[in-house]
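Notes to accompany the following structure.
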Amino acid sequence: MASHFCISHSFLFHNHQSFPSSFSSSSSFSLHSFLFSNVTYERFTLLSKASFHHPNNHAPHQEAVSRDPDTNSSSLSKSRFWVNPSRPRAKHIRTKSSSSRYIYLTRLAESLNSCTPTAQHVSTILKGLRDNVSESDAVFILDKMVNSVTAPFVLRYFLDKIKPSGDTETVLFNITLKAFRKSRDFEGAEKLFDEMIQRGVKPDNITFSTLINSARMCSLPNKAVEWFEKLPSFGCEPDAMVYSAMVSAYAQTNNVNMALSLYDRAKAERWTLDASTFSSLIKMHGVLGNYDDSLKIFQEMKALGVKPSVVTYNTLLGGLFRARRSWQAKNIYKEMVTDGVLPDFITYSTLLRIYAAAQYSDGAFGVYEEMKGQGMDLSVDLYNRLLAMCANVGCIDEAVEVFEDMKSSGTCQPNSLSFSSLITVYSCNGMVSEAEGLLNEMVQSGFQPTIYVLTSLVQCYGKAKRTDDVVKIFKQLVDLDIVPDVPFCCCLLNVMTQTPKEELGKIIECIEKANKQLGSVIRYLVEEKEDDGNFRKEISELLNSVDGKVKKPLCNCLIDLCVRLNEPNRARDLLDLGLTLEIYKNLQSRSQNQWSLHLKKLSVGAAMTALNVWINDLSKALESGEDLPPLLGVNTGYGKHKYVSDKGLASVCESHLRELNAPFHEAPDKAGWFLVTKDAAKSWLEYRSSTESIADLNFQVSGGSTLAVQYG
DNA sequence: CTAGGGTTAG
C-alpha cells in the first residue's frame with residue numbers, strides 16, 4: 001500500500017495536529033515554513049484573496065475551488081521520490097505544480113467541511129476533480145475532513161468513483177473514522193463501523209485504535225473497553241498501539257489491575273509507550289490518592305528512556321496537590337526546569353494552588369510574579385486562592401496589591417469571595433475604615449454581604465472594642481435572613497474575651513439569639529454559677545450537637561473565655577472534656593527519649609491550659625518516683641496563622657514559660673519546638689513543688705481564634 | 001515517514 005503514495009507528500013497528508021509535538025515545536029523542522037515558503041506562499045495568498053473578495057460571497061469556497069487549476073498536472077501519487085523535508089535538499093524538489101495541487105485539494109476539503117451535508121452537494125464539489133481522482137487524493141481530502149456529517153458522503157463518493165481494492169477500502173474507512181474523532185461524534189463513528197461491516201470491508205487494528213481513542217476523547221472509557229473486547233471477534237490481534245490506547249482507557253476508568261497488567265505486558269514485549277500513556281498511569285494513581293505509586297511510574301518511565309512531557313509533570317503536580325504534599329512540589333518543579341521542559345499555564349496554576357493551600361506565601365507570590373511576567377492571565381479562582389492565603393498568613397500589602405491587580409486585569413473582576421477575603425485581611429488587622437470601605441464597594445458591585453464577611457466584621461469591631469457595632473452587624477445578619485453558624489458564634493465568643501465586663505451582656509444577648517444552647521452555657525460561665533453537675537452535661541450536649549469540623553474551634557473558644565473570666569479550673573474541665581470527647585487527641589506523648597506536649601491547632605487559652613496540665617503531670621510523675629526521659633519538649637508549631645493571637649502561639653508560649661521560670665529553650669534546628677534536658681527540668685520541677693507556687697494563668701488571650709475557625 | 005496518539009489542574 002505504502003508504495004502507492006507519493007512520498008514527497010507524505011508530510012502533506014498530515015495537519016499540524018497529527019505531528020508529534022516534539023516535532024512541530026522543534027526549530028529544526030517546521031511544516032509551515034516547508035509548505036509556505038516563497039512561491040507556494042504567494043500562490044496561497046492570492047487564492048485566499050480571490051475567494052474572500054468574490055462578489056457572490058454566499059458560497060465563496062465552492063467558487064474558489066470549482067475548477068482544478070492543475071488539471072493536467074500529475075496526481076499527487078504519481079511523483080515517486082522520497083523527500084525528507086528536514087533536509088535542505090527537500091526544497092529543491094518541490095515543484096510548482098505539486099504545490100498548487102496541494103492547495104487546490106486543501107481548499108476542496110475546506111469547502112466540503114462547510115457545505116450542506118447531502119450527497120448532491122458533496123458530489124457537486126468533488127466534480128471539480130473530474131475523472132482525475134487517485135487513491136492518494138481521496139486519502140488527502142478525507143484526512144482533512146473534520147465534519148462527521150459530510151465525511152461519509154465524501155467517502156461514498158470516492159468508493160464509487162475509485163472502486164478501490166479491499167485493503168484500500170479499509171484505509172478510506174479508517175481515515176473517515178478520524179473525522180468522527182475530530183468532531184467527537186462517537187455514535188456516528190459506531191454507525192460508520194456498521195456500514196463498514198455491511199459493505200464487507202475488513203476492520204484492522206487502526207480501525208480499533210481510532211475507535212478506542214475516539215471513545216476516550218468523548219469521555220466514554222467504558223466504550224473503549226467494550227471495543228477492545230470486541231476486537232478478537234473480528235480476527236484482529238491487538239498491537240502496541242491498541243495496548244497503549246487501552247492502558248490509558250483502563251487508567252481513565254481507574255481500573256488499576258487491567259491498566260497495570262497491560263502496562264506490564266507492554267514492558268515484557270518491549271513496546272514503546274509514550275509520555276502520554278505514562279501520564280495516564282500517573283494520573284490514575286494520583287486520583288486514587290496513591291502518590292507514591294505515581295512517582296514509581298514516573299521513575300520507571302525515566303529509566304525506560306521516555307522523556308517526561310509538560311503533561312507528565314503537570315500530572316505529578318496535580319497528584320501532589322490532591323495528596324497535599326506541598327513540600328515535594330518544589331523539587332518536581334526544579335526537576336522539570338533542569339530537564340528543559342517548559343512550564344505552562346497548568347504548571348503554574350497547579351503550583352500556585354499547592355503553595356497557597358500550604359500557606360507558603362513566598363512560593364505562591366513567586367509563581368504569581370512568574371505568571372505575570374509571562375503575560376499569563378490568572379483566573380478568578382487563582383486570584384481568590386492568593387487572597388485567601390493572604391488572609392490566613394496575614395499579608396496586608398500583598399493582598400491589596402493582588403486585589404488591585406485583579407481589578408485592572410481586564411480579564412476578570414473580584415467576586416464575592418475576593419471581597420470577603422480582603423475584608424478578612426483588614427478585619428484581622430483591626431483596619432476598621434478599610435474594612436467598612438470595602439464592604440461598601442462590595443455592595444456597590446452588586447454582592448450581598450455573606451456570613452463570612454459579617455463574621456469578619458464582628459471580629460473587626462470586636463478588636464476595636466466597638467461593642468455596639470458588633471451588635472449592629474448581628475442585626476444585619478438577622479435582617480438578611482442568614483442563619484448564624486458555629487464559626488459566627490465562635491467569633492462572638494472571641495469578641496467576649498476582648499470586651500469590658502460591663503458590656504458583656506450585649507454580646508451574650510446576641511449569642512442567645514444565635515444559639516440558645518450555647519447562650520445558656522455562656523450564662524452559666526459568666527454568672528459564675530456553682531457547678532451542680534449539669535454544666536458538664538450541657539456542654540457535652542452542645543459539643544456533640546455541632547459538626548465535627550467545628551467542635552475543636554468551639555471548644556477552644558469556650559476555654560479561652562474561661563481563662564479570660566479567670567476560671568482556670570473550668571478551663572481545665574473543658575480541656576478534659578475535649579479530651580474525653582476526642583476533640584483533642586494526642587496532646588501528650590511519651591517515647592523512650594522524649595516526652596512531648598503538642599499544642600498545634602489549640603487556641604492560646606487552650607494551649608496554656610494544656611501546658612499547665614502537662615507541667616503538673618510532670619511533677620506528679622517525679623513525685624511518684626518515675627524517671628524522666630533525656631529530653632522534654634513542647635511543640636507549638638511555627639504557625640503562620642498569625643491571627644490565632646497577635647503574637648502567635650510560639651511567642652505566647654515562650655513568654656509564659658519564662659514567667660514560670662521554666663528552663664525551656666527554643667530548638668535551633670526544629671522550628672516551633674521548645675526543649676529542656678532531663679536534669680534542668682528535674683531541678684526546676686523540684687524547686688517549683690518545694691515553693692508550691694501555683695502558676696497564674698496570667699497571660700493574654702487576644703486576637704481571634706475565629707479565623708482559625710473560618711479557614712483552619 | 002507510510003491510513004493509528006492522546007494525555008494535564010479545580
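Predicted, not measured: the structure shown is a model, and the values here were computed from it.
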Could you check how far [atom1] of [X] sits from [atom2] of [N], rounded to whole Å?
X: A:Arg353; N: B:dT8; atom1: CZ; atom2: P; value: 15 Å
X: A:Met241; N: B:dC1; atom1: CE; atom2: P; value: 9 Å
X: A:Phe140; N: B:dC1; atom1: CZ; atom2: P; value: 19 Å
X: A:Ile212; N: B:dT7; atom1: CD1; atom2: C1'; value: 16 Å
X: A:Leu172; N: B:dG4; atom1: CG; atom2: P; value: 13 Å
X: A:Leu281; N: B:dT8; atom1: CG; atom2: C1'; value: 14 Å
X: A:Trp227; N: B:dG4; atom1: CH2; atom2: P; value: 19 Å
X: A:Phe193; N: B:dA3; atom1: CZ; atom2: C1'; value: 16 Å

May I ask you to verify if any side-chain N or O of [X] is less than 4.0 angstrom from the OP1 or OP2 atom of [N]?
X: A:Arg322; N: B:dA9; result: yes
X: A:Lys283; N: B:dT7; result: no
X: A:Arg385; N: B:dG10; result: no

| said: Are there over 12 heavy-atom neighbours, none belonging to A:Lys549, within less than 6.0 Å of that residue's NZ? | reply: no
| request: Name the nucleic acid region contacted by A:Ile175, choosing base, sugar-phosphate or nothing; use a 4.0 angstrom heavy-atom cut-off, strictly under. | output: sugar-phosphate
| request: Carefully, step by step, assess A:Arg199 and A:Glu195 under the rule salt bridge (Lys or Arg N to Asp or Glu O under 4.0 Å). | output: CA-CA 6 Å; A:Arg199 279 180 183 255; A:Glu195 187 176 337; 3.6 Å; yes
| field | Rounded C1' spacing from B:dC1 to B:dG5 in Å | value | 16 Å
| task | For the residue pair A:Thr315 and A:Thr312, confirm or rule out a side-chain donor-acceptor distance under 3.5 Å. | result | no
| said: For the residue pair A:Asp204 / A:Thr207, report whether a side-chain donor-acceptor contact shorter than 3.5 Å exists. | reply: yes
| request: Kindly say whether, by distance alone, the side chain of A:Asp239 makes a donor-acceptor pair under 3.5 Å with the base of B:dG4? | output: yes
Starting the side chain at C-beta, find the nucleotide from [options] nearest to [X].
X: A:Asn314; options: B:dG4, B:dT8, B:dA9; answer: B:dT8
X: A:Phe345; options: B:dA9, B:dG4, B:dT7; answer: B:dA9
X: A:Val242; options: B:dG5, B:dG4, B:dT7; answer: B:dG4

| Taking the six-membered ring for Trp, are A:Trp227 and A:Phe208 parallel (under 30°), tilted (30 to 60°) or perpendicular (over 60°)? | tilted
